[in-house]
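Have a look at the structure below, then the notes.
Keep in mind that this is a model prediction, so the values were computed, not measured. Basis for what follows: all heavy atoms, side chains included, without hydrogens, waters or symmetry-related copies. Just follow the structure's listing: the first ligand is 1, and inside any ligand the first atom is 1.
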Amino acid sequence: MKLAGRVALITGAGSGLGEAAAYELARHGAKIAALGRSEDDVENVVQQITDRGGEAIVVKADISQADQMQQAIETITQKWGRLDIVFANAGINGVWAPLEELDPDEWDQTLNINLKGTYLTVKYAVPYLKKQGGSVIITSSVNGTRMFSNTGATAYACSKAGQVAFAKMIAVELGPAKVRVNVICPGAIETNIDANTEKQHIEEVKIPVEFPEGEIPLTHGQPGTSEQVAKLVLFLASDDASHISGTEVWIDGAQSLLQG
Ligand code: NAD
């Protein structure tokens, strides 16, 4: 029970990394505000947590919309009177395409959800985090931080690189208020993220890179699991990480060192 009495907001809590983190943090006593674009997206997760004796609520918002995120934070703090942990995790792969074919509105959509959405999620939480201190964990990626070989994923990689700069800036700004800010950079993790990827003619710009057999050294090529990532989120959210702020942690079985 590392998080007893704490309140955690998790964006994109309805699936993948967000869902696994919701269960892990709830198992350690946190009350979970499970944020999704629709109620349907997160209802099942909230039900599973409450069935296991935990506390959780559904919060509906599009993270790229300022008014909706402001309202989401109000809902949480009115319900529980505090906010200690923010897992800014929701995101999309968006359109992966050669640069000439990547339309400005496709660029905007990826940046608006992944980067502006992260900013809005944290911005409206800050007044409450500052009251007692807290932990922000942002889901970036190996793409844009240590891996640049996914040709076509330009908007995605830029949004993920931007999240790291954002985290480092606010780690310094919020340090005096005892708010820690860290970034997790997953490699290939088995989730439904590919359903949110629109690949357009990327074979035209793909550089043929030949990987040695087993492109993830630690696992002979097997992707990681959401549960493995959730354990890292728990660590960073808890007081076990009390002197860790402003840093990335890659969770990729050394994949990005091979494919940089
Ligand atoms: P996922 O598609 O299962 O989860 C993403 C969640 O974000 C979904 O529940 C989706 O509904 C939600 N979401 C998307 N846009 C939203 C919006 N505008 N407002 C609110 N919610 C929104 O995939 P995942 O793999 O769990 O992805 C989680 C994060 O992990 C993403 O930021 C992704 O970029 C990052 N990531 C994933 C991998 C991987 O291999 N799975 C690797 C690196 C980084």
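Among protein heavy atoms, the minimum distance from atom 44 (C) of ligand 1 is reached at Ser140 O, 3.2 Å. Of all protein heavy atoms, the one lying nearest to atom 31 (C) of ligand 1 is Asn89 O, 3.3 Å. Atom 6 (C) of ligand 1 has as its closest protein heavy atom Gly12 CA, 3.7 Å. In terms of protein heavy-atom proximity, atom 21 (N) of ligand 1 is nearest to Ala90 CB, 3.7 Å. Annotation: atom 19 (N) of ligand 1 to nearest protein heavy atom, Ile63 N, 3.0 Å. For atom 27 (O) of ligand 1, the closest heavy atom belonging to the protein is Ile193 CD1, 3.6 Å. Scanning all protein heavy atoms for the shortest distance to atom 9 (O) of ligand 1 gives Ser15 OG, 2.8 Å. Nearest protein heavy-atom contact of atom 35 (C) of ligand 1 is Thr139 CG2, 3.5 Å.
Heavy atoms of Pro223 stay at 4.0 angstrom or farther from ligand 1. By the 4.0 Å heavy-atom criterion, Gly187 is counted among the residues contacting ligand 1. Not a single heavy atom of Gly117 sits under 4.0 Å from any atom of ligand 1. Ligand 1 has Ile113 within reach: a non-hydrogen atom of the residue lies less than 4.0 Å from it.
In the vicinity of Ala188, heavy-atom distances shorter than 4.0 Å reach the ligand 1 atoms 40 (O). Below 4.0 Å from some heavy atom of Pro186 lie the following atoms of ligand 1, by number and element: 42 (C), 43 (C), 44 (C). Listed by number with element, the atoms of ligand 1 under 4.0 angstrom from any heavy atom of Asp62 are 17 (C), 18 (N), 19 (N). In the vicinity of Tyr156, heavy-atom distances shorter than 4.0 Å reach the ligand 1 atoms 33 (C), 34 (O), 36 (N), 43 (C), 44 (C). Of all atoms in ligand 1, numbered sequentially from 1 with element shown, those under 4.0 Å from a heavy atom of Gly16 are 3 (O), 26 (O).
Taking all heavy atoms of Arg37, Lys116, Gln68, Glu190 into account, the minimum distance to atom 17 (C) of ligand 1 is reached by Arg37. Comparing heavy-atom distances from atom 26 (O) of ligand 1 across Val42, Asn114, Asn192, Leu17 singles out Leu17 as nearest.
From Ile138, atom CD1 reaches atom CG of Asn89 across 11.0 Å, with rounding to the nearest 0.5 Å. The CD atom of Glu106 lies 12.5 Å from the CG atom of Leu111; values are rounded to the nearest 0.5 Å. To the nearest 0.5 Å, the span separating CG on Leu258 from CZ on Arg146 amounts to 11.5 Å.
In the displayed structure, Asn192 atom CG is contacted under 6.0 Å by at most 12 heavy atoms of other residues, nucleotides or ligands. Atom CD of Glu190 sits in a sparse spot, with 12 or fewer heavy atoms from other residues, nucleotides or ligands closer than 6.0 Å. Other residues, nucleotides and ligands place no more than 12 heavy atoms under 6.0 Å from the OH atom of Tyr119.
Contact annotation for Thr191 and ligand 1: only side-chain heavy atoms (C-beta onward) come within less than 4.0 Å of the ligand. With a 4.0 Å cut-off on non-hydrogen atoms, Ala61 touches ligand 1 through its backbone and not its side chain. For Val142, no heavy-atom contact with ligand 1 is shorter than 4.0 Å. Neither the backbone nor the side chain of Glu19 comes within 4.0 Å of ligand 1, counting heavy atoms alone. When heavy-atom distances to ligand 1 are checked against a 4.0 Å cut-off, Ser226 has no atom that comes that close, whether in backbone or side chain.
Side-chain contact check for Val229 versus Ile184: some heavy-atom pair is nearer than 4.5 Å. At a threshold of 4.5 Å between non-hydrogen side-chain atoms, the residues Cys158 and Trp107 count as touching.
For the residue pair Trp80 and Glu55, a side-chain donor N or O sits within less than 3.5 Å of a side-chain acceptor on the partner. Side-chain polar atoms of Glu198 and Gln200 form a donor-acceptor pair below 3.5 angstrom. In this model, no donor atom of one side chain and acceptor atom of the other lie less than 3.5 Å apart for Thr110 and Asn114. Side-chain contact of Asp62 with Ser64: a donor-acceptor pair under 3.5 Å is present, judged by distance alone.
When only interatomic distances are considered, the shortest N/O to N/O separation between Lys160 and ligand 1 falls below 3.5 Å. Annotation: Ile189 places an N or O atom under 3.5 Å from an N or O atom of ligand 1; distance criterion only.
Ionic pairing of Asp239 and Arg180 is not present here: no N-O contact between side-chain nitrogen and carboxylate oxygen is shorter than 4.0 angstrom.
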Run the numbers on Gln109 and Ile113 for side chain to side chain contact (heavy atoms under 4.5 Å, CB included), then give the verdict. CA-CA 6 Å; Gln109 192 203 25; Ile113 294 178; 4.3 Å; yes

Before you tell me yes or no, could you show the steps for Lys168 and Glu248 under salt bridge (charged side-chain N to carboxylate O under 4.0 Å, His left out), namely the whole-Å CA-CA distance, both residues' side-chain angles and the distance that decides it to 0.1 Å? CA-CA 9 Å; Lys168 291 184 180 188; Glu248 307 94 329; 3.0 Å; yes

